[in-house]
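Chain identifiers are assigned alphabetically (A, B, ...) following the order of the sequence lines, protein sequences preceding nucleic acid strands; residue numbering begins at 1 within each chain.
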Amino acid sequence: MAKMTMVQALNMALRQEMEKDDRVVVLGEDVGVDGGVFRITDGLIDQFGDNRSLDTPLAESAIVGMSIGMAIYGLRPVCEIQFSGFSYHNFHQIENHASRYRWRSQGRYHVPMVLRAPYSGGVRALEHHSESREIYYAHTPGIKMVIPSGPRNARSLLISAIRDPDPVIFFESKALYRAFREEVPENEETLPIGKSQVVRQGSDLTMISYGAMMRPTLEAASELEENDGVQAEVIDLLTISPLDDETFVRSVKKTGRAIIVHEAPRSFGPGAEIAARLVEKAFFYLEAPISRVAGFDIIIPLFSREKSYIPNTQRIVREAKKILNSA
Amino acid sequence: MPRKQLNIPCKMEHLSILNEAGEVDNDLEPDIPEDLLLKLYRAMLLGRRFDERMLSLQRQGRIGTFAPTSGQEASQVGSAAVLRPTDWMVPSFREAAAQIWRGAPMENIILYFGGYNEGGRIEDNSKDLPISVPVASQILHAVGLGWAVNYRKTDEVVMTFFGDGATSEGDFHEGMNFAGVYQTPVIFLCQNNHWAISVPRSKQTRSETLAQKALGYGIPGIQVDGNDILAVYAAAKEAVDRARSGGGPTMIECVTYRITMHTTADDPKRYRTDEEVEGWKKKDPLVRFEKYLTDKGVAAKDTFQALETEVKEDIQTAVDRAEELMKKLDDPLHMFEHAYAELPPSLKEQRAELAEELKGMHKEK
Ligand SMILES: Cc1ncc(C[n+]2csc(CCOP(=O)(O)OP(=O)(O)O)c2C)c(N)n1
Ligand SMILES: [Mg+2]
């Protein structure tokens with residue numbers, strides 16, 4: 001097993017799927033010769049040619065609209081939108097078409113495509129390069145919304161996304177791309193889409209997060225244990241939609257306390273849906289109000305202030321203590 | 001008869017006045033007063049030196065990602081120069097030279113790329129729009145401004161900047177079409193710098209020129225040597241005069257070259273050759289303008305030297321001011337400013353939460 005960054009692990013997933021299945025084609029702005037601005041598609045053009053690694057003209061709506069056509073034909077397009085902040089140009093194609101062909105054609109057609117895009121802040125980027133707007137997609141019926149939290153699950157989930165019969169939006173945190181390495185087995189590994197994971201066992205409270213926020217969440221859990229002897233259970237959602245509520249409902253029934261962490265703005269964010277499911281399915285087990293640690297409801301500031309915007313370990317610890325101390 | 005020739009107007013010109021060797025076409029030479037010629041040169045030089053300084057600030061970690069303008073000074077300054085202060089400029093993200101010409105304080109540009117929203121502030125006496133990062137999106141705002149100009153029956157014009165890559169976006173085509181339909185006084189200033197990050201112009205569109213896209217929308221288009229300040233100026237003036245007198249929109253394609261990286265996060269060696277870049281460096285817009293001014297007797301060596309010193313001092317002053325401002329603007333709570341005309345109650349709560357947290361951190365220290 002090799003130790004890999006998330007960039008390398010995603011690259012490996014694409015490479016292996018392209019080797020196995022000639023229906024898989026990658027396309028997007030700068031994904032060919034340049035290997036993608038984050039190098040996720042590095043070398044694919046050398047191995048598979050420019051017919052399977054397409055440098056497209058600069059038009060997100062066309063990239064996604066064309067992917068839909070390719071997918072209906074029977075290919076497995078994996079398109080890259082350079083930054084999720086530019087995916088609004090193509091939102092129309094996702095909302096009006098990718099999500100609906102199966103339904104509209106009454107099962108005759110389906111759209112097995114993947115839209116990959118970097119999201120999240122923390123890399124000193126320009127405006128539109130730091131937002132977390134997964135909820136737009138999670139809110140769209142007919143679409144699956146996946147966000148990995150590290151190299152190994154990124155690789156497994158991307159393979160599952162490519163093989164999924166329905167359109168999958170796959171957000172990758174820029175802050176995680178090169179943040180750390182993990183052992184990633186050469187042999188194929190997949191993870192089910194629509195299934196979250198308990199990544200830390202505990203009985204005192206449940207922490208629910210995903211993507212870039214898994215690291216501060218896990219750090220907060222360790223800190224709570226070291227300093228206060230608190231045993232936090234931590235859940236990595238991995239898929240935002242369709243939401244696996246079984247895992248976190250079971251956990252909260254055990255702990256009685258829940259804290260949800262995401263970088264996306266708080267209002268109407270994924271935390272709102274999770275809290276609602278908890279109220280619906282675990283209300284009588286709750287021993288404290290459900291807490292959300294999230295981005296503020298403002299546009300993420302330019303980078304000099306982004307650290308104060310993005311939830312951090314201390315913020316999570318403080319909120320956790322509040323709900324632990326409430327009777 | 002089922003098949004016949006349609007007589008569709010299909011005129012497309014390329015304009016060049018000052019060639020690579022700095023020789024001028026006397027028949028086409030625009031009549032520009034000497035003091036304006038010097039001002040144009042100074043603005044181009046300032047643009048170049050500012051760019052170099054920004055790159056070094058970025059390397060030192062004092063600012064973040066920056067999109068350089070080097071090589072494109074003639075396209076930017078030559079076109080912006082024909083606007084009046086009362087006109088509108090709608091830039092993309094690579095127009096520092098044009099923005100400075102229009103009066104944007106350099107310290108604001110540094111502040112912006114240094115990660116402070118305050119740098120985006122537009123001066124009260126300016127009607128220019130702030131930087132727009134989503135490629136081509138600003139073009140539509142220019143068309144809206146132009147429509148409003150017609151509605152209010154003023155003689156303002158609007159100039160919007162975008163790149164070769166931008167001509168692939170729907171927003172560009174929709175904007176051109178609307179401008180044609182409504183005959184808005186908008187100049188579509190395309191800086192064809194040959195690259196959209198790693199994608200060459202030839203892979204962006206099959207059409208031979210970008211200017212010819214104008215034909216499809218029934219508006220005039222012209223291609224100019226974008227490294228030739230005189231050609232850019234002449235074409236822009238013609239277009240602006242036409243727009244001001246009710247003649248509607250024009251698209252100008254400035255053929256130029258980005259001689260450095262796309263942004264400081266980019267490595268151009270991955271997709272283009274040194275020879276190509278060297279070839280374009282020989283077409284440097286500053287070098288040929290310098291020769292023109294010298295031949296014309298407008299300026300001599302000492303003028304150029306004095307200007308070098310002057311612009312460097314201006315830039316240093318701006319850097320110092322920007323760094324002072326950065327210190328002053330240290331408080332993260334500024335992030336809640338300008339979110340709405342009035343902060344809604346839930347945001348007041350969130351602001352208070354952050355204030356509390358910052359106070360706590362202060363105590364911990
Ligand atoms: C809608 C959108 N898609 C993608 C990007 C990322 N991006 C920034 S600049 C750029 C290339 C732009 O090329 P061009 O229009 O030629 O302008 P240039 O950068 O050469 O000035 C890309 C793809 C973006 N900013 N906006
Ligand atoms: Mg370009």
B:Q60 CD: over 12 foreign heavy atoms closer than 6.0 Å: yes
Heavy-atom closest pair, residues B:A196 and A:L58: CB-CD1, 4.4 Å
A:L302 to B:G115 - nearest heavy-atom pair and separation: CB-O, 3.2 Å
Lys/Arg N to Asp/Glu carboxylate O, A:R318 vs B:E357, below 4.0 Å: yes
CZ/B:F178: more than 12 non-hydrogen atoms of other groups inside 6.0 Å: no
Segment of B:D171 engaging chain A (4.5 angstrom heavy-atom cut-off): side chain
Residue part contacting chain A, namely of B:F113, when any heavy atom lies under 4.5 Å: both
B:F336 ring center within less than 6.0 Å of A:F296 ring center: yes
Side-chain touch B:V199/A:E29, heavy atoms, less than 4.5 angstrom: no
Contacts of type salt bridge (Lys or Arg N to Asp or Glu O under 4.0 Å), residue A:E95, not counting sequence neighbours: A:R100
Under 4.5 Å from any heavy atom of chain A - which part of B:Y112: both
Residues, nucleotides or ligands: over 12 heavy atoms within 6.0 Å of A:N51 CG: no
Heavy-atom contact with chain A under 4.5 Å, split by part of B:L343: neither
Exceeds 12 heavy-atom contacts within 6.0 angstrom, atom NE2 of A:H139: no
Most chain A-contacting option - heavy-atom pairs closer than 4.5 Å, from B:H262, B:M326, B:E353: B:E353
Per-residue contact mode, B:L333 against chain A (heavy atom under 4.5 angstrom): neither
Exceeds 12 heavy-atom contacts within 6.0 angstrom, atom NZ of B:K348: yes
Atom pair OG/CD of A:S304 and B:E118 - distance to nearest 0.5 Å: 7.5 Å
Close side-chain approach of B:M335 to A:S308, heavy-atom, < 4.5 Å: yes
Nearest-0.5 Å distance, CG of residue B:D266 to CG of residue A:D34: 6.0 Å
Max heavy-atom pair count under 4.5 Å with chain B, selected residue of A:S61, A:G32, A:A59: A:A59
Validation row: B:Q350, A:D297 side chains within 4.5 angstrom (heavy atoms): yes
Side chain proximity check, B:I131 to A:E127, heavy atoms < 4.5 angstrom: no
Heavy-atom side-chain contact between A:H129 and B:V133 under 4.5 Å: yes
Nearest-0.5 Å distance, CZ of residue B:F66 to CG of residue A:L126: 10.5 Å
Heavy-atom side-chain contact between A:R39 and B:R270 under 4.5 Å: yes
Closest-packed option against chain A by number of heavy-atom pairs under 4.5 Å, given B:A339, B:P344, B:G165, B:A265: B:G165
Part of B:L347 lying under 4.5 Å from any heavy atom of chain A: side chain
pair A:E60-B:E169: side-chain heavy atoms closer than 4.5 Å: yes
Student check: side-chain heavy atoms of A:R305 and B:L329 closer than 4.5 Å: yes
Residues of residues 87-94 of chain A within contact distance of chain B, non-hydrogen under 4.5 Å: A:H89
Top contributor to chain A contacts, counting heavy-atom pairs under 4.5 Å, from B:P134, B:G64, B:G119, B:P332: B:P134
A:F180 CZ: over 12 foreign heavy atoms closer than 6.0 Å: yes
Residue pair B:K203, A:D50: steps toward the side chain to side chain contact (heavy atoms under 4.5 Å, CB included) verdict: CA-CA 12 Å; B:K203 281 199 190 166; A:D50 60 7; 5.5 Å; no
Heavy-atom contact with chain B under 4.5 Å, split by part of A:Y309: both
Distance, nearest 0.5 Å, that separates CD1 of B:I63 from CZ of A:F303: 7.5 Å
